[in-house]
Amino acid sequence: PGVAIPTQYAQAYNPIHQAGLTWQGTLDALLIKGDVAYIQYVQPTKAQNTIDTVRPYAQYTVGFEYTFNSLFVDSQDLGLIVEALGDSDTGRNAMELDIFRPFQNHVFAGLRYTFNNTGDRSLLVGTFTDYKKGDVLGRIEYEERFFERVKVKAQFLGFATTTGSQLKPFEHTTRGSLLVSYYF
């Protein structure tokens with residue numbers, strides 16, 4: 001009551017200029033990988049606090065995966081994965097940013113067990129940990145290909161957050177997902 005409801009909606013997407021670089025390479029059983037992107041809004045854009053103008057920023061993911069070949073069973077490998085994820089605005093108040101950007105200073109550590117069979121079956125278990133705030137996001141993922149063209153991926157995510165964390169609203173929303181893909 002007493003509130004006017006808009007009858008038209010405006011576009012909420014702000015166009016950006018983005019440039020990036022992705023790389024990966026191997027040294028024996030060590031895979032080194034990374035991704036960097038520079039983001040700048042085309043027009044001046046206000047932050048979530050409606051006061052600050054969002055400045056250009058960079059996002060990155062860098063890391064490695066070391067594979068232990070046939071560690072327990074022939075033709076089955078275990079990979080150790082460590083990655084750092086973040087952006088150049090780490091440490092700023094979340095309301096000074098353009099959008100919800102929770103992964104500003106995280107480390108992913110996990111294990112990937114691959115069966116190296118015709119289905120490319122694999123199991124991934126790991127955590128994203130915010131090394132500044134202590135938030136933890138756990139991830140379990142199972143993936144397998146069936147009939148040469150169908151791929152099934154099941155994923156489970158669970159949260160443990162700190163007070164005042166951007167992820168706090170998601171803490172009690174443990175979720176699972178199932179993706180079935182068909183390749184032509």
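Here the structure is a predicted model, which means the values were calculated and not measured. FYI, the numbering just counts along the sequence from 1.
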Please collect all side chain to side chain donor-acceptor pair (under 3.5 Å) contacts where either partner lies in residues 17-27, sequence neighbours excluded, each pair once.
->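 Non-adjacent pairs meeting side chain to side chain donor-acceptor pair (under 3.5 Å): Thr22-Asp35.
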How close do [X] and [Y] get, heavy atom to heavy atom, and via which atoms?
X      : Y      : result
Asn116 : Ser75  : CB-O, 3.0 Å
Thr162 : Gly134 : CG2-C, 4.1 Å
Ala154 : Leu178 : CB-CD1, 4.0 Å

I would like to know whether Thr161 and Leu137 meet side chain to side chain contact (heavy atoms under 4.5 Å, CB included); could you show each step before the answer?
-> CA-CA 8 Å; Thr161 61; Leu137 168 64; over 6 Å; no
Verify side chain to side chain contact (heavy atoms under 4.5 Å, CB included) between Arg139 and Val125, making sure each step is shown before the conclusion.
-> CA-CA 6 Å; Arg139 178 176 179 179; Val125 177; over 6 Å; no
Cluster link [X] to [Y], ILVMFWY, side chain under 4.5 Å:
X      : Y      : value
Leu71  : Leu80  : yes
Leu85  : Leu157 : yes
Leu78  : Val73  : yes
Phe184 : Val152 : yes
Leu111 : Ile140 : no

Checking Arg101 against Tyr57: charged group under 6.0 Å from the ring centre and within 45 degrees of the axis?
->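 Checked: cation-pi criterion met.
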Less than 4.5 Å apart, any side-chain heavy atom of [X] and any of [Y]?
X     : Y      : answer
Leu97 : Gln104 : yes
Lys46 : Val54  : no
Arg55 : Arg92  : yes
Leu30 : Ile32  : yes
Tyr38 : Pro56  : yes
Ser70 : Asp77  : yes

Measure from the ring center of Phe64 to the ring center of Tyr66 and say whether it is less than 6.0 Å.
-> no
Determine whether the side chains of Thr45 and Asp98 contain a donor N or O and an acceptor N or O closer than 3.5 Å.
-> no
Pair Glu141-Arg112, salt bridge (Lys or Arg N to Asp or Glu O under 4.0 Å): steps then yes or no = CA-CA 9 Å; Glu141 180 181 290; Arg112 181 190 329 264; 5.0 Å; no
Could you measure the distance from the [atom1] atom of [X] to the [atom2] atom of [Y]? Nearest 0.5 Å is fine.
X      : Y      : atom1 : atom2 : answer
Arg121 : Arg145 : CZ    : CZ    : 11.5 Å
Gln40  : Ile16  : CD    : CD1   : 10.0 Å
Asn105 : Asp89  : CG    : CG    : 11.0 Å
Asp130 : Thr90  : CG    : OG1   : 7.5 Å
Asn93  : Gln48  : CG    : CD    : 9.0 Å
Glu96  : Asp52  : CD    : CG    : 5.0 Å

With no hydrogens and no angle check, is any side-chain donor or acceptor of Ser88 less than 3.5 Å from a backbone partner on Ala58?
->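 Answer holds: yes.
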Can you list every ring pair (Phe, Tyr, Trp, His ring centres under 6.0 Å) pair that touches residues 119-148, not counting sequence neighbours?
->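 Found Phe103-Phe128, Phe108-Phe128.
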Steps toward salt bridge (Lys or Arg N to Asp or Glu O under 4.0 Å) verdict (Glu144, Lys151) = CA-CA 6 Å; Glu144 185 169 358; Lys151 188 175 256 191; over 6 Å; no
